[in-house]
Amino acid sequence: MSAVLTNPEGVVSPRTIEALEALAAPLGRDELLWASGYLAGLAAARSGDAPRAAPATPAAAADAGRWLVLYGTETGNSRRVAQALGEQLTQAGLSAEVKDLRDYDPKALRRARQVAFVLATHGLGDPPEGTEAFFDYWLGERAPRLEQLRFSVLALGDSSYEEFCGFGREWDARLEALGAKRVHPRVDCDVDFEGPAAEWRAGLVETAAKEARPAPTLVVANDRAPRPAASRHTRDAPFAAPVAVNQKITGRGSSKDVRHLELSLEGSGLVYEPGDAIGVWPENPPALITALLECTGLDGDAQVEVRGEPMTLRRALATRLEITKLTRATVQACAELAGDEDLARLLADADALREYLATRQVIDLFAERRPRLSAQELVRALRGLTPRLYSVASSLEANPDEAHLCVSVIRYERFGRLHFGAASAFLADARREVPVYVEPNDRFRPPRDGSVPMIMIGAGTGVAPYRAFLQQRTLHGASGGHWLIYGDRTMRDDFLYQVEWQRWLADGALTRIDVAFSRDGPEKRYVQHCIGERAAELYDWLERGAHVYVCGDAEGMAPAVHAALVAAVQRASGGSAERAEEYLHGLKTAGRYQRDVY
Amino acid sequence: MTDKAPSPVEGIKERSRFLRGTLEQSLADPVTGALGHDDVRIIKFHGVYQQDDRDLRAERAAQKLEPAYNFMVRIRIPGGVLTPAQWLAVDALAAEHAGAAMRLTTRQSIQLHGVLKRNLKRTIRAINDCLLTTIAACGDVNRTVVCTALPEQSKLHREVYAHAQRVNRHLLPATRAYHEVWLDGEKTEIPAGGEEPIYGATYMPRKFKIGFALPPSNDVDIYANDLAFIAVARDGELVGFNVAVGGGMGMTHGNPRTYPRLAETIGFCRPEQVIAVAEHVVGVQRDFGDRSDRSHARLKYTIDDRGIDWFRGELERRLGFSLEPAVPVRFTHTGDRFGWVTGEDGREHLTLRIPGGRIRDDGERRFRTGLNAIAAVHEGDFRITPNQNLIVANVPPERRADIERLVAEHGLDAFTGVAPLERDAMSCVALPSCGLAMAESERYLPEIAAKVVALLEKHGLEDEEILLRVTGCPNGCARPYVAEIALVGKAPGRYNLFLGGGRTGERLNELVRQNLAEGEILAILDELFADYARGRLPEEGFGDFLHRAGVVGAPAGERRAAAS
Ligand code: SRM
Ligand SMILES: Cc1cc2nc3c(=O)[nH]c(=O)nc-3n(C[C@H](O)[C@H](O)[C@H](O)COP(=O)(O)OP(=O)(O)OC[C@H]3O[C@@H](n4cnc5c(N)ncnc54)[C@H](O)[C@@H]3O)c2cc1C
Ligand SMILES: Cc1cc2nc3c(=O)[nH]c(=O)nc-3n(C[C@H](O)[C@H](O)[C@H](O)COP(=O)(O)O)c2cc1C
Ligand code: SF4
């Protein structure tokens, strides 16, 4: 105990120490760790308004105590954790610099002494978009040793993916292999990352504090950091945006239900730019909650605690817990809590588990296995609910106080049961208000210079940000060409925003458009086929300085589009595949090849 | 009117380079299911109409989707005759591209509805593969030539039909555009003198329609055609045709320059003169028809503007001979004769009622399946009647039982057990496909016909043959203006009521009241049926009665109250 509550500087009064000891006495190890993170979080949160405590000790060996916090993010979670860590380090009297990996010179790592990495996994076990340059260098064969480096990794991920935190783990192992010293163990976070991330931060700060006491300075060296928040509404304090329009925009014959939503941001102070996403906190579908209660035989009115907060089970299932996406953790919890041996066997068989998770949602597990759990056990077995992101499909300048979204609704029947996508179904039914925040994305922006041409490639709802781009660019009279390459299932029923593209095409705002409708012909046709057919023009546009954008499906489309771009550049330039890859790599580094895939 | 500027359509035709237009580009444009503006006009000459599902217009506008564009493909079937193999081939296309439905038309053709742009080429190629075509099934050209359908008078009918076919072929456009666009024919140089010896570069001022009738049947409503050939026989031998000109149904609400008109008989020609007469009637209209106002561009207006004598003179000058005096002919009925009829040659013909001309499977009525089953065993041919019905023709007597069994099995005996009014009633297509429809027609006819029959029953008149026709607008595609009772669409749920046509297609009816809702129509009919039941002469038809009773026919001021 006293090891934890060392107080060499006398920052804390003996009374406080007493109180803390009393509080801590009944807690187990996990709870203690959680509490440490919790307190650290509190400290970070307060650092904004409370006058910062004077440095406890004058600057010691300045550089020795300086921590660099490098984050790799796509959807902002890692950035948030990194920033919290930065503040916490500063609070603890250390000095810290927080930096986006995309802005970090790869070679500078050789000179770094102490680095905390907050690293999300994307794609299929890949690093976040835009960080490839860094990792290509350090994962490459010729990477120099890093004996001087002391590090810790926080991996962000989603256990519904097979490569759970795959990239964070890989990086952690790689640093070790390069001779760097891990000063604090890696923590892998699932989508409800707040708790484990707080633990990791607390642990790291403690370790760091033990070692050095430099003057606390916090440098957030990141010109990509979100704009100074004009709004009090954030991820954790979302704005209840009134729904002004909720219109299905796929035709009757469509196999999909895609919605165009117009949300009012009036009075929220929220601002966004084309390329940003809107985060939505869903409420789980009532029908699904009913079904889950029925499978478990539990009473929705039963009292449970979620993160220390008492509420009814029904409320917890509606607003706090993930009851759609199924993860290994939930399967495991069921196996253990209910002593289900079949599930235990499943967990031991990687292939079978993968197949199981890929085809099932939470409801299937409970309907099929009927594990007998108490209400509180159910809460423990389920993951915390997380917000979903939707690309903003409008320009704020063109639509003051509005944010438009284009949402593909997940709702299907399988195994005789109804399945839902938590957020998309919530939005589909939303008539009144939706809790939202703005998730900035500076890696996906139209060129500032209106004379720079743009090639926009997207399938399905991936076309949404391009609507925002065009609204914005036409408003400013951008003269650079705009080329849309778009794909979906059928022209008749799935051509999202068809009449708007037609109008832009007619008035010249859209220079050209190529479309691929996969179900309209005898052969499947996708956006990558358009790219293949237009190699020469595409290369010509690139040579004229065009920026390329790719948005939409990460798993199938993005890699196929990338391959098609490589092939097109290769064919048009007459070079080798390697040269073409380099060419695109160059575009990427120059910020001219931007992707927003999910 | 000749000094007025030509209508924009004239320019489109002229620029189209003999109907090529920019069809290839329009067909290839992947961003829309529609064609470019001019091509919408040009494609008609290829037998194709651009339409959109009007039921979905508002919904799709909200969905930010363009209208549900699709195409109606009209096959050109002169005289309505086709082989079982052709029937099956067209059905297969319908199954693939047109919602498994075919639509028999009032000019003996088949329409496929709802064909998507990307499937057009495939569809048209397949139609040509089975030796049918769609060329000039629409557009400012001579349309499908119609001909009395039922080959009861076997030998005469064969001859008359042969003339119809010959005229049909003679007046087809000669351009190679059709081949180039649809059949991937090679692109050929357009010869210096153009490609159209008969039509010229701007084709006709408007559609042109030719029919052949073999009395006593006027199933084709022969006087509704621009040019009518009415067969004259002596001792069972075809001696020639009475020639009538200037028929047409179409009018525009509120435009007195437009009106339905029956063709006028101007003389008689011998069989060997038929082609020349047809070509020169077309020639006169080509040169003198109104090319500035399309609503006033049919031959009927050319004749009324210049006089029938002028017309005959101009025609005979071109022919180089005079028409002989017309021979009196007698029609006994319009419409079809349902059930079995034995031809003079002993072959049997079964006329089936196809409500609304729609061939599709619908509950008990499995018309599509049934007719395919018949086509699979049938040794004769099929004949589409000018009243949207179908004849299983030239059945050897020994096969009659087989056909009858298939008919019964598939609910194809819809002509039995219905009141004559319902059986003979006819509607045009109208909503949701027809872009010109102002009110429902095909979808409404079953309902209104049943209500009218109920009224007839009330007055004990349910066995009377009374001719009811409904159209969704005044263009008159179901030839309403010769019916005894006609409802002509004015607005959703509103119709103009016309009364007083006859049973032989030789008299126009008259507009009696405008803009009526169903209740008002039924109230008027109720009253008139009561009068008819009370005051009719033996065998007197309803239309004739209305004339005698002064409901129609008399100068407006002297008409009866119900009709004012
Ligand atoms: C299918 C058919 C009616 C039916 O229920 O069977 C039909 C359907 C149409 N007619 Fe007709 N007409 C059809 C026989 C007629 C007839 C009857 C006849 O010829 O015996 C007439 C009256 C005779 C006449 O020509 O005057 C007729 C007079 C019109 C008119 C008015 C023409 C005029 O000059 O007044 C139009 C409108 C136009 O041409 O602008 C029209 C236009 C149309 C169009 C193509 C609408 C359009 O232009 O966009 C309709 C397509 C509806 C659809 O969705 O299928 N249709 N149309 C008939 C096809 C015949 C064929 O196979 O070629
Ligand atoms: C930066 C970013 C931008 C995005 N922009 C958009 C956007 O503009 N529009 C948009 O619609 N989405 C967008 N998304 C995706 C969006 O955030 C959600 O992931 C998506 O809507 C699904 O969330 P949900 O809550 O409805 O479904 P969840 O509750 O998360 O359920 C998803 C689960 O349902 C199952 N599932 C889904 N579909 C099927 C299927 N067809 N068959 C079988 N099982 C299935 C799978 O188990 C899957 O894991 C974006 C994502 C990111 C990261
Ligand atoms: C397109 C996409 C692919 C992802 N792929 C993986 C994956 O392969 N493995 C994993 O553990 N998590 C994966 N995730 C989950 C993210 O790592 C997780 O949402 C994380 O919190 C994102 O952090 P960030 O906001 O800093 O980018 C993926 C997320 C997205 C949107
Ligand atoms: S009569 Fe009018 S509504 Fe009916 S099919 Fe002809 S054009 Fe269309």
Side-chain angles (χ1 to χ4, degrees), chain A residues 245-254 256-262 393-394 404 406 463-464 467 471 483-506 510-523 525-527 529-530 533-534, chain B residues 22 25-40 48 50-73 92-93 95-101 112-126 184 431-433:
Chain A
V245 173
N246 184 344
Q247 169 67 50
K248 181 173 182 278
I249 55 168
T250 40
R252 280 195 194 186
S254 177
K256 295 190 294 184
D257 177 356
V258 177
R259 297 305 177 95
H260 171 76
L261 279 107
E262 297 185 3
S394 53
H404 301 180
C406 176
V463 83
R467 183 176 182 264
Q471 285 186 351
W483 180 356
L484 178 68
I485 300 180
Y486 165 75
D488 214 306
R489 288 184 181 165
T490 70
M491 187 196 69
R492 188 185 173 95
D493 291 309
D494 302 299
F495 197 160
L496 305 177
Y497 302 108
Q498 179 183 30
V499 294
E500 297 187 7
W501 305 117
Q502 289 178 340
R503 225 175 288 137
W504 273 321
L505 200 58
L510 194 56
T511 320
R512 69 170 298 159
I513 183 169
D514 284 282
V515 288
F517 294 104
S518 59
R519 302 195 177 176
D520 275 356
E523 275 122 47
R525 207 178 123 76
Y526 299 107
V527 282
H529 297 119
C530 298
E533 290 157 12
R534 306 273 177 240
Chain B
T22 51
Q25 289 96 302
S26 273
L27 290 170
D29 182 351
V31 178
T32 171
L35 305 175
H37 176 269
D38 289 5
D39 292 324
V40 171
V48 180
Q50 177 175 308
Q51 303 186 317
D52 74 278
D53 187 333
R54 294 179 60 184
D55 288 349
L56 301 183
R57 266 188 200 172
E59 174 179 317
R60 287 181 63 94
Q63 290 165 338
K64 301 176 190 296
L65 294 166
E66 68 179 12
Y69 290 115
N70 57 61
F71 293 83
M72 179 266 276
V73 176
L93 275 178
E96 204 176 336
H97 300 306
L112 302 180
H113 284 102
V115 180
L116 298 181
K117 186 170 83 170
R118 63 186 156 84
N119 294 324
L120 267 181
K121 266 198 184 178
R122 248 185 291 262
T123 303
I124 291 180
R125 223 174 282 159
D184 286 337
L431 293 167
S433 62

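Here is the naming used below: chain letters follow the sequence lines, and residue numbers restart at 1 for every chain.
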Please examine the side chains of B:K64 and A:Q498, heavy atoms only from C-beta on, and report whether any two atoms are closer than 4.5 Å. no
Top residue by heavy-atom pair count (under 4.5 Å) with chain A, among B:T32, B:L116, B:L56? B:T32
Looking at every non-hydrogen atom in both residues, tell me the closest pair between B:L65 and A:D493 and how far apart they are. CD1-O, 4.3 Å
Gap separating the NZ atom of B:K117 from the CG atom of A:D520, nearest 0.5 angstrom: 11.0 Å
Is chain B contacted by the side chain of A:Y486, its backbone, both, or neither, given a heavy-atom distance below 4.5 Å? neither
When you measure from the side chain of B:Q63 to the backbone N and O of A:T250, does any donor-acceptor pair fall under 3.5 Å? yes
State, to 0.1 Å, how close A:R492 and B:R60 come at their nearest heavy-atom pair, and which atoms those are. O-NH2, 2.8 Å
